[in-house]
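Input: a single structure, listed below in structure tokens.
In the text below, chain A, chain B and the rest are named by the order of the sequence lines, each starting its count at 1. Values below: all heavy atoms of this structure, side chains included; hydrogens, waters and symmetry mates excluded.
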Amino acid sequence: MTDARVVFVVDDDPSVRSSLKFLLSTVGLQVESFDSADTFLSKKPASVPSCLVLDVRLPGLSGIDIQRELAARNIHIPIIFLTGHGDIPMSVRAMKAGAVEFLTKPVRDQDLLDAVRIALEQDRTRREQEKEVTDLQQRFDLLTSREQQVISMLVSGMLNKQIAAQLGTAESTVKVQRSRAMEKMHAQSLVDLARMIEKLKGPLQKPS
Amino acid sequence: MTTEAQGAQTVDPLDLRNLIETMPTPAVCALPDGSVEFVNREFQEYTACPTQQLDRWVWQTTIHPDDAAKFIDELSTTLDGIKPFHTEARIRRADGQYRWFSIRKALAVAASLSRESFLRTLIACEDIDERKRGEAKLQQGDGLLQVFFENSPNLVFVKDLHGRYLYANRQFKKAFHIPGVVRGKTDDELFSAEQAAAFQSVDRQVLETGQLMKFEDVARYEDGLHTRIVQKFPLRNAEGEIYAIGGVVTDITDRKREESVLRYSEENHRLVVETAPDAVISIDERGAILFANPATLRIFGHDPTELIGKPLTILMPEFLRKVHEKGFTRYLTTGQRHINWQGTELTGLQKDGREFPIEVSFGELSRDGHKVFTGFIRDISERKQAEDKLRASERTLRELTETIPQMLWSAEADGLINYCNQRVLDYTGLSADQIRGAGWMKSVHQDDIEKLGHAWTAAVSTGEPFQYEFRCRRTADNRYRWCVSSALPLRDREGRVIKWFGSVVDLHDWKEAQQALQMTQTELARVSRLTTMGELAASIAHEVNQPLTAVTNNSSACLRLLAAGNLQPEILRRALEEIVADGNRASAVVARIRGFIKKEPAEKNRLNINDVIQEVLALADRELYENRVRLERQLTKALPLVSADRVQMQQVLLNLIMNGIESMAAVTNRPRSLCMQSRIDDSGVVLVAVRDSGTGLSSEAHRLFTPFFTTKANGMGMGLSISRSLVESHGGRLWAEPNSPHGAVFCFTLPESGGSAS
């Protein structure tokens with residue numbers, strides 16, 4: 001585990017906030033606490049792996065409201081819900097919306113710490129994946145549009161000859177463009193390239 | 001004799017000689033110097049003086065030497081004019097005896113026929129010797145008269161013509177407080193100018209008229225007003241001439257007073273008889289009517305004047321006449337009365353033949369040896385009717401009290417029972433005699449006797465209406481049953497209690513039903529409280545869980561540090577402090593809830609409603625917080641205490657607050673605010689209001705308090721209904737009205753218990 005991690009705690013009760021901070025600090029976690037949804041949302045999203053420990057019942061926007069709001073803002077932070085009252089429909093909704101864990105107060109310390117560890121790991125993984133895609137995209141963006149065309153067709157299983165015929169060029173030209181693109185994408189093999197394009201597909205398929 | 005001759009007349013001197021002869025008394029004709037020109041025969045005969053060569057100063061020889069000088073001196077100074085002249089002197093008779101004469105100027109004549117103009121005066125001499133002698137005789141009796149006058153109770157005085165007192169008796173001096181001598185003094189000297197003028201005015205009248213003046217005079221004395229009769233009269237001499245004024249003053253104050261008393265009494269009697277509402281009729285010994293007053297007309301229809309002389313029996317119906325005559329005769333002969341003379345009820349006969357009830361009283365008195373009977377007769381038709389009516393209504397009342405399906409009783413002003421109806425006897429199994437006085441206590445449960453006795457004694461001593469619930473033994477099943485007795489005092493015109501009327505009602509069944517209902521209501525209220533609690537459950541769980549969470553977290557963190565050998569005492573201390581604080585916090589919440597849902601019968605205490613409001617707000621705090629409701633408190637300090645059950649009041653308040661919060665759930669375009677108010681309303685009772693800014697009262701607002709009416713998706717519809725019955729069981733009122741500009745206000749009132757919250 002690397003050092004830069006942060007746990008955000010949102011609870012309107014000061015003693016709950018401070019006790020959570022104390023508990024999390026015993027495992028070396030850095031904690032930032034907020035007394036309401038608004039104060040948390042007005043903060044800049046974290047750039048390091050982080051998670052959110054959120055009380056369901058809050059004055060103003062509730063915990064569920066925060067979850068929805070974060071999703072709307074395209075902020076992907078793993079959320080661990082704490083609730084004082086076992087409310088099954090609410091927990092189902094929260095879990096469906098991607099909550100890491102739904103814990104009832106008072107919470108067992110190990111349960112919370114485990115959930116926090118999982119959430120942080122999740123966030124770290126997400127962040128790593130996000131970073132890989134971003135790198136590939138940057139390399140992909142360096143390709144000429146003909147090179148991009150060529151490798152897309154290549155990954156979809158077309159032969160050089162078929163590509164040249166479709167593009168109306170010589171097969172030798174396709175070969176040059178293919179090897180230049182492989183080099184630019186740092187692809188070791190065609191399989192490697194195909195995996196890279198697969199990863200990029202997600203963002204590529206998105207409209208924006 | 002009374003010749004008035006003060007003015008000079010012109011007469012022939014010759015005629016004077018004839019004239020003088022006609023005078024019946026001795027007379028002379030005098031010259032202005034007093035000398036005598038001629039005398040008449042009477043004079044000559046009396047004195048036997050020579051007529052020829054008359055001594056012109058015949059006075060010298062005829063007047064008594066003791067009187068002569070004075071006489072001649074007076075005469076000579078008065079004859080030379082028209083002054084009157086009157087004196088008394090002794091004149092010697094021919095036999096040498098002197099007799100007293102009144103000598104006066106009778107006529108003055110200016111003779112003009114003779115060449116020399118001269119004045120002649122005829123002087124008449126009247127023999128007054130006998131009167132003089134009488135006066136002398138009187139003089140001898142003067143001492144006696146003096147004593148008489150001095151001791152007279154009347155005021156006696158004599159004044160001369162000049163107003164000088166010649167005599168005033170001792171009573172006079174006493175009455176007017178004159179210490180010194182009165183004789184010789186005038187009224188001016190003795191009395192005030194005003195009084196003197198009044199006296200003198202009367203004196204003048206006496207002198208002018210020569211008559212007795214008699215009048216009443218009222219004067220203020222030291223002991224009050226005195227009425228006196230004053231009589232003043234002229235004192236005349238032998239000639240009838242006035243020479244003095246006599247006066248007698250008689251004090252008639254006492255008689256006057258007696259007279260006025262008598263007059264008043266007579267007047268009064270007359271008035272009483274004339275205006276009496278009763279007929280007053282007098283009869284003589286024969287039974288004939290002597291007198292009848294005006295009321296007789298109204299009562300008997302007979303004109304009182306027509307009745308005079310008629311027999312009294314005319315006013316009686318046939319059947320009484322014989323009886324009357326017999327009784328009357330018997331009384332006259334034996335003095336034995338056949339009827340009561342004071343207020344006997346008889347029958348009267350009207351002129352038109354109608355018979356009617358009368359009440360007669362008699363009186364008897366003797367006049368000139370004859371007996372006169374006077375009767376006072378009153379028409380008692382109306383009274384009779386009223387009595388009959390009263391008897392009838394008493395009978396009806398008695399029947400009513402005996403047949404009415406209620407236990408009734410009455411008591412004397414002192415609180416002792418003097419009557420109870422058959423129902424009471426049936427119920428208690430006691431006899432009327434056993435119940436009388438304080439005997440009714442025998443049927444009262446021994447635990448209630450003392451308090452009931454106190455309550456009744458208090459009512460009797462204050463005159464306040466009485467009401468008390470107690471257990472009374474019913475003889476039918478020999479069980480004690482709850483009864484309520486009520487009584488009201490009957491007062492006389494002055495407001496004094498003269499009697500108490502009361503009832504007893506067996507309300508045992510009712511009371512049992514009431515108690516069952518009470519229990520049902522209490523249970524229902526509790527169920528409703530639990531429901532409200534259910535609605536609050538999420539908030540409450542959160543409130544309990546928050547401190548528990550903090551406790552758990554802090555403890556876990558400490559354990560971890562301990563396990564890692566890394567627990568610093570300072571950190572541990574801080575953690576434990578927080579744990580204690582949070583533990584207390586949690587238990588406070590639990591205590592509040594437990595109090596609220598406890599199953600306990602209602603118990604009224606003196607409360608400050610503001611305290612209850614604060615407790616409820618603590619319960620609802622989280623709910624308000626989470627629903628983003630802004631709370632405003634407008635609590636009036638120093639409210640009077642109310643007598644109320646704390647939990648029930650919490651329930652009402654919590655119900656109203658929860659309703660308010662819920663009504664604002666849908667409100668997003670304006671602040672959600674809830675305002676808690678407490679104050680004293682216009683009628684002086686404590687008023688609590690819960691204002692919200694929610695959706696307000698619907699068109700079905702009038703059904704708000706109906707059981708099972710609800711506008712909530714999962715409401716039971718009992719909250720407001722129960723709240724209202726709780727408030728009403730406290731003697732208060734609960735109602736809703738629209739709030740301005742949004743929402744609703746729910747208000748309830750509670751009567752104060754007396755005393756004020758500090």
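In this structure, no portion of A:Val56 lies under 4.5 Å from any heavy atom of chain B. Of the atoms belonging to A:Leu112, not a single heavy atom falls under 4.5 Å from chain B.
Between the side chains of B:Glu578 and A:Ser18, at least one donor N or O lies within less than 3.5 Å of an accepting N or O. With hydrogens and angles left out, the side-chain atoms of A:Ser19 and B:Asn554 include no donor and acceptor closer than 3.5 Å. Of the N and O atoms on the side chains of A:Arg108 and B:Thr552, not one donor lies less than 3.5 Å from an acceptor on the other residue.
Atoms CD and CG, on B:Gln546 and A:Asp55 in that order, are 5.0 Å from each other to the nearest 0.5 Å. Rounding to the nearest 0.5 Å places CG of A:Asp109 at 11.0 Å from SG of B:Cys558. Here the straight-line distance linking atom OG1 of A:Thr26 with atom CG of B:Leu562 works out to 12.0 Å at 0.5 Å rounding. Distance check, rounded to the nearest 0.5 Å: OG1 of B:Thr549 to CG of A:Leu23 gives 11.5 Å.
Shortest non-hydrogen contact noted between A:Val16 and B:Asn553 is O-ND2, 4.3 Å.
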Next on the checklist: Apply salt bridge (charged side-chain N to carboxylate O under 4.0 Å, His left out) to residues A:Asp13 and B:Arg622 and explain how you reach the verdict.
Outcome noted: CA-CA 11 Å; A:Asp13 190 318; B:Arg622 185 75 203 177; 5.9 Å; no
Item to check | Worked verdict on B:Arg585 versus A:Ser15 for side-chain contact (heavy atoms from CB on, under 4.5 Å) | outcome: CA-CA 11 Å; B:Arg585 204 174 112 202; A:Ser15 57; 3.1 Å; yes
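In the displayed structure, A:Lys43 atom NZ is contacted under 6.0 Å by more than 12 heavy atoms of other residues, nucleotides or ligands. Residue-environment remark: CD (A:Glu183) stays at or below the threshold of 12 foreign heavy atoms within 6.0 Å. Summarising the local packing, CZ of B:Arg630 is surrounded by 12 or fewer heavy atoms from other residues, nucleotides or ligands at distances under 6.0 Å. When the shell of 6.0 Å around CD of B:Glu737 is examined, it contains more than 12 heavy atoms from other residues, nucleotides or ligands.
Counting heavy atoms from C-beta outward, A:Lys105 and B:Leu548 have side chains that stay 4.5 Å or more apart. Put simply, the side chain of A:Pro106 does not reach to within 4.5 Å of the side chain of B:Val551, judged on heavy atoms.
Counting heavy-atom pairs under 4.5 Å between each of A:Val107, A:Leu20, A:Leu82, A:Asp12 and chain B puts A:Asp12 at the top.
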